[in-house]
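Working notes, structure below.
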Amino acid sequence: MPDNISFTIDGQEVTGKPGQTVLQAAMDSGLYIPYLCYFPKMKPYGACRACVVQTEMGERKSIVASCTTPIAPGLVVDSKTEQVTDLRRGIIELLMAEHPHGCLTCHRVELCGPQDICQRHVSVTDRCTICPKNERCELKDTVRSVELDLRTPLNYHRRNLPIHTDDPFYDRDYNLCIVCARCVRVCEEVRFDNAITLTNRSGVALVGTSRGESLLESGCEFCGACIDVCPTGALVERDYKWEKAARQVTTICTNCPVGCQMVAEVNRFNKVVRFIGDLAGESNNGQACWKGKFAYDYPNHKSRLKYPYVREGGILKRVTWEQALDRIAAGFGDRDGSKVAVIASPRGSNEDNYVAQKFARSVLKTDNVDTALNLTPRVASTLQKRFGSAGSTNPIWDLEGSKCVMVVSGNPTEEQNVLAVPLKKAARAGAHVIVIDPRETELTRYASDWIRPKPGTEHILLVGMARTIIDEALEHKEYVSSRCSGIDELKRSLWKFDLSAVSRVTGVEDTIIREVARNFAKKAPASILFGVDTVPVDLHGALTDAILNLSLITGNVGVKSGGVFPLYAGANTLGSLDAGCSPMAERGTDLTVEPGLNGATPPPMRDGVADLFAGMRSGEIEAAIVMADGMNPGAGPLGDAASALRSLDFLVVSAVFDDEVTAAADVVLPASTYTEQTGTLTNLERRVQLIRTAWTPRNEERSGWQTFASLARRMEAEGFDFQDSGGVFEELASVVPGYAGLSHDRLEAGGIQTPCPSSDSPGAAMLHAEEPDDDAGRLAIVPLPFIGAAAPSSDLVLAPGRVLSQPDKPVQVTRRGDMNYLHRVEVVKVHEEDAKAMSLMEGDAVEALDDHGSRLAVGVASLGSPQPGLISVTTLFAEVALGMHDADSPDPSPRIPGLPLQPVRLVKAADLAAYAVSSD
Amino acid sequence: MSTAFEELTNRAAGRWQELTDGAEPWIRVGGGVSGQAAGSDEIFTSVLESLDRFDVSARVSRVGSLGLMYLEPIVDVTLPGGSRVFYGNVTKDIANQIIERHAGGGSPVTSRAFAFEGEKTGGLEGVPRLEDLPEFRAQVRIATRNCGRIDPYDILQYAAHGGYSALEKALFRMTPEQALDEVKASGLRGRGGAAFPTGVKWSFLAPSKAPDKYVLCNCEEGDPGAFNDKGILESDPHTLIEGMILNGYATNSNYGYVFIRHGHDIPIEATRHAVGQAYEHGLLGKNILGSGFSFDLEVALTGDSYVAGEETALMEAIEGKRSLPRYKPPFPAAAGLWQKPSNINNVKTLAYVPQIVFNGGKWFKSIGTESSAGTAIVCLTGHIKRPGMYEVPMGMSIREVLEQVGGGVSPGKRIKVLQTGGPLGGVLGDESFDVKIDFDEMSKAGAILGSGGIIVGNETVDVVDLIRALVAFNQYESCGKCFPCRLGNTHMLETLDRLCKYEAKPADLKLMDRIGESMKLGSLCGHGQLGYNPVASALKYFEEEFRVRLRVTQPEGKSTNGSMILPTRTRP
């Protein structure tokens, strides 16, 4: 590490790191140099020239932009000479001649505050109210800091451009744009979407979309990064556009397991009015996604449940908490542990989940407890068993440095969005990307190798890769011999995976399997992101084993920028497993109901939440408590969850809103949301992060742990006298070994990655970084059986794909009301054999129908599906964004459809024109 | 000498012999952009028709431009073993006569010939030698030595004139260091505008051990009134290619790009064809002439953008991005094209290199002045008798160039204003016409030699209108990245518009100064930094004309925007 560099700014001694620019070093030292186009964590751009300073190096004096000037020992920087300040004013003066600045010339500039009512003292065309960023405008602050004389002789020009309000989520008012290109740069160099670009040049240079007019067709992923960096009111979130923040609360997004640290802006009526990616967030580095950015405001909704209700005579009647608890206690009575279940919220904090499972086990005497989105328990348990943690081995942003990234059966861009950001960055830097997925996803665009095996044979393909690596002696021998065990058993098990057999089963040519295997083995460090979106549930464990083996034999576990990343659903899937909120045995903490409790032999453990719902459908489970916040109540991954819940004898639902689930409930309890509680979430990289209270509950809402604790107390159980969530966490930390060193106080300063065994441990950024001391510490490579290769069925399977843009396919953007909608003819890709079988010609109109005859896809047939039996249709992401934008539900994000494979029938459609797919 | 090269030179000598002393007359039709503009395409067709009509058999070639653009279209005839006789301002009729009487009949059409070259043969009474023409006498043709003489599509004709012998010399008899030392010793300075010593620039790149290094050639040449880069490429592209290979050799770089502005079709085609030929002859590619040195060259194009000629914007353009200038440092020698060490030179600069390597740096240094060695390739346009491209030694005064080479203005008029070095250059008034053509002298006088364009204006030119046109160009061509240039040019243009419309206030002159100061000190690249030059230099020489616009009201019949209405991109 080279030494820090000392130099002076305005006579003050400053030290900076090598490679820093003057502006960065000044910012780190708390010195302010005005700037507009620079933005932290982005490359300097050098356009606004507001950051000009005078530098002196030996005899040589020059005027330079501090954002692009590297620091050097002995450099003398002066940011306040008369020439420099005058030049800076001269430049900003030019800028202000085309930016409405009534906010600055108004005599109330000092008095003006959030949502201030005033007699407006500036002209109508220029008044502050045309700008939604009044009082939170970076440009305004900058202009004021340079003490600009606004009586400029320059001609003021108002652009009078139309404001774009017809795309989802964003309002774009280019009348306020200063062309600093922050938005364009963040889209290009941080998000890699290139959805927006600079248009035209010279005085008419402005920002626009890359293709056409609407963001719907430009490849926008609606991540909102451009809004977060905009220094003016040009780009803003449409919702709460005019709202001013009274305070900011740092919290964690609860929409997915990335756990982005966000700054929630809360107005003085206690509403979250904005959600901004926090640059200090270690899991997200300031980034967020469409869900995080635009689906945060359900706590504000006026239709929230406020009071407890009990169903009497078919009607929910408002009651007190005490009455409700009485009813619940009576409802559960002394039902047998095997006949009850507790479904925790996927958004629930570790505290909620800990108390939920404690309640289930110690009060209801059951292991039937799980979160509603713990859909892949076999992935988690395999990881837990083999690697000691169900989380990723490496931190998320480690992916930046990977030389090879393999994505298996997952769609991180949509499901774990920010995880894809460092992945794309690695791809841009030349990393080899391998995507194994029959579906076309955003990441297939980045893939050097896109392998589309027959669905359900992914694990065999992966073992085939391992076979190639062993056959060609490409395994990392030193790593395997010093860190792993079981390589010989693996080798012996591989004889069954003859590549021609693997090729026959997976439908992927053996030469391609070999090529991909070589690519993966030779490009180190390599990381693997894996989901099980296209994998049948009984093969989840096999797939995970195959992945872990592959990562181990190539020496990528415990290596920077290597490792494996399980793609979970649910914001706190990992934390709930850690807290014991799952029926599984392998979860780090053994909290299972012991034999003899309740005087009976415990039933065999159920296999995760899907099995719990199966139990409800079959009648084995009769009563349940469901924490419904963040659960998909409709037809989601759990099937029709609401109908399963309706079949229960007794159902308690703690919910934020009245919906299908509460309709089935006997008791409804009002749940508090992430804004009304303090708690912790554990993201997929094992980082425990703090959600902070933005306001206390307005009515009678209670958090998950409060609900369970009060119920437990009502049912006269001991050990539920928690003071606050910090107290719950204290108990959790004392039970869960990896959490022993953590406390709410410690987490105030930022998230810490588990395992963190003691209060002086910094946490573990990476698992298995050290070589094992003894054989017991070795990572096991396990032999693999050749399973799951059942005879191919004659059914057709639809593999729905979704990408950000398809520039080669025509899209029509139509307007309905105030909004843009997409309209285009989809392409249904069919394998030649299947086409022949149903005498389908290229260009025929076809429909894909599910069992119930509902149409899943429609479009023109095109030959070119890689596998017989596989039908694929790729739609545009913008349709989903529009769907979320237009959703009736106050909390739309849990209901966003994923991309599940589905059995379909293919029928010829009579008239294609009638079927042109439109997002209206 | 490598056998491959020997074979090339032998074939080249044979080809030249065949052309000049073969069985048939050789007719060369001047082409290039200027020739084409004057109608040389039609003349070429009519020459072919005449040959048919009079049943004369002859070889016909299209050559580049001699630089005598006021005489275009030019046709010349060389009878086997005879002298080369030039005919200027050729029409179809004249072409007919030339073919019938000279090519067919063997006797020159003396009345139509303006010069001849080579041994004087009969029938050329009263026709001067080419080198005796006043505009030729003052010239020292180094970079343009082959222009108008050889067919740019024939590598053998180039080789017949000593082409690629500098490369052969460097590859087989010089180390890269020696080649670089010759360039350093020559005192050659960049002809692109900044006048940075070329050898020094190369020596920034040479020591880098990076495996991929790039040498780039800039032929964006978007300056109105400048056409010498294009002139060289369309007339003698191999000179540039040889210069670039030498540049690569001297700096141990193996890749090159010639960057030409999209739309310069004739130079683009000529260069592409020449690159192909050089590959065919083993002068580009792997192991050039068996020397072990490899060099690959590609022609890259940009869209319609003046700023793409800025060196870093040019690299962005080659990389396929929007051509916006980058900030510096890092400088191209550290991180240029594709973030690899790079060197970039103008066409003219590189065109000197073969001659410098062949004849030695001392020889070049002896031409021109102490601080500005060599020649200046000037493009004379505007109110002058003999517009064209001329290569004159540094140190001639501008007045000498205008009068001896350019032939002065029409009788009864006087030269009032010169616009030099492109629209970012500036204007010169009468009192500085005696300034020498020399980088330092000219910049002292408040103008730059830049690309070498000199636009001459006589007393009918309204300087305020002229400046408005220049600023309008600069404004239109700003890339829009940095604020001072994007906004400053717009406001500058608006202020000038007010002046042109006689609507300005006295404070406007001060305002322009303030805007100009922000642009000069604040801008990211040269486009903005130099953007105030036209106004500043005009205020220096012609302040009164600006003041008049403040005092008087609009005269009857005087247009408000001057004679030049240019497109603008002022406001979104």
Side-chain angles (χ1 to χ4, degrees), chain A residues 21 36-37 43-52 54 62-65 67-70 72 83-84 86-99 152-155 157-161 174-175 177-181 184 188 194 197-208, chain B residues 303-308 321-330 472-495 497-498 505 507-508 510-525 527-529 567-572:
Chain A
T21 62
L36 289 168
C37 70
K43 285 182 213 149
Y45 187 58
C48 75
R49 320 306 282 180
C51 68
V52 284
Q54 175 186 291
S62 34
I63 303 244
V64 297
C67 67
T68 61
T69 304
Q83 191 189 19
V84 163
D86 198 48
L87 174 60
R88 193 177 289 143
R89 285 191 196 121
I91 293 164
I92 294 182
E93 185 177 278
L94 290 168
L95 184 59
M96 295 320 285
E98 62 162 24
H99 187 91
T152 162
L154 295 167
N155 270 358
H157 172 86
R158 189 179 150 71
R159 291 181 186 149
N160 266 324
L161 299 168
Y174 292 126
N175 292 303
C177 176
I178 59 168
V179 206
C180 65
V184 174
E188 182 198 324
N194 297 62
T197 182
L198 289 170
T199 59
N200 224 317
R201 66 164 184 251
S202 183
V204 294
L206 215 55
V207 176
Chain B
D304 162 37
S305 164
Y306 179 67
V307 172
K321 300 177 191 155
R322 196 179 158 90
S323 50
L324 303 180
R326 301 172 184 167
Y327 54 83
K328 290 179 263 189
F473 177 89
N474 294 340
Q475 195 280 336
Y476 185 77
E477 290 293 351
S478 164
C479 76
K481 179 176 177 180
C482 80
F483 292 16
C485 177
R486 167 169 65 93
L487 302 162
N489 269 317
T490 301
H491 286 283
M492 188 78 78
L493 181 61
E494 283 177 356
T495 315
D497 274 346
R498 288 203 292 275
K505 298 180 287 282
D508 279 352
K510 234 178 102 189
L511 179 64
M512 286 201 293
D513 197 51
R514 180 168 171 76
I515 299 169
E517 207 54 25
S518 297
M519 289 167 65
K520 193 166 95 187
L521 291 171
S523 294
L524 173 63
C525 82
H527 191 82
Q529 287 160 5
T568 55
R569 290 174 169 146
T570 49
R571 308 284 197 189

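What's counted below: heavy atoms across the whole structure, side chains too, no hydrogens, waters or symmetry copies. Naming: A, B, ... by sequence-line order, numbering from 1 per chain.
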For chain A, which candidate among [options] shows the most heavy-atom pairs at distances under 4.5 Å?
{"options": "Lys505(B), Glu477(B), Arg326(B)", "answer": "Glu477(B)"}
{"options": "Ser518(B), Pro329(B), Cys485(B), Ser523(B)", "answer": "Ser518(B)"}
{"options": "Pro330(B), Cys482(B), Pro325(B)", "answer": "Cys482(B)"}
{"options": "Lys328(B), Glu517(B), His491(B)", "answer": "His491(B)"}

Minimum-distance pair of heavy atoms, taken over all atoms of Pro484(B) and Arg49(A): CD-CG, 3.4 Å
Closest non-hydrogen atom pair between Phe483(B) and Ile91(A), with its separation: CB-CG2, 4.2 Å
Residue Cys180(A) versus chain B: region with a heavy atom under 4.5 Å: both
Under 4.5 Å from any heavy atom of chain B - which part of Ile92(A): neither
Top of Asp86(A), Thr68(A), Thr199(A) for chain B proximity - count of heavy-atom pairs under 4.5 angstrom: Thr68(A)
Chain B contacts, top residue of Asn200(A), Val52(A), Leu36(A) (heavy-atom pairs, under 4.5 Å): Asn200(A)
Interchain contact, Leu524(B) with chain A, by part (heavy-atom threshold 4.5 Å): both
Atom group of Glu494(B) that falls short of 4.5 Å from chain A, counting heavy atoms: side chain
Worked verdict on Thr490(B) versus Leu94(A) for side-chain contact (heavy atoms from CB on, under 4.5 Å): CA-CA 9 Å; Thr490(B) 301; Leu94(A) 290 168; over 6 Å; no
Heavy atoms, side chains only, cut-off 4.5 Å: are [X] and [Y] in contact?
{"X": "Arg89(A)", "Y": "Arg514(B)", "result": "yes"}
{"X": "Leu324(B)", "Y": "Tyr45(A)", "result": "yes"}
{"X": "Tyr476(B)", "Y": "Ser202(A)", "result": "no"}

Test salt bridge (charged side-chain N to carboxylate O under 4.0 Å, His left out) applied to Lys321(B) - qualifying residues, sequence neighbours left out: Glu319(B)
Spatial distance of atom CD (Gln83(A)) from atom CG (Leu521(B)) [nearest 0.5 Å]: 5.5 Å
Atom pair CG/CE of Leu487(B) and Met96(A) - distance to nearest 0.5 Å: 11.5 Å
Partners meeting ring-ring contact (aromatic ring centres under 6.0 Å, His included) with Tyr306(B) (sequence neighbours left out): Phe473(B), His527(B)
Working for side-chain contact (heavy atoms from CB on, under 4.5 Å), residues Arg486(B) and Arg201(A): CA-CA 8 Å; Arg486(B) 167 169 65 93; Arg201(A) 66 164 184 251; over 6 Å; no
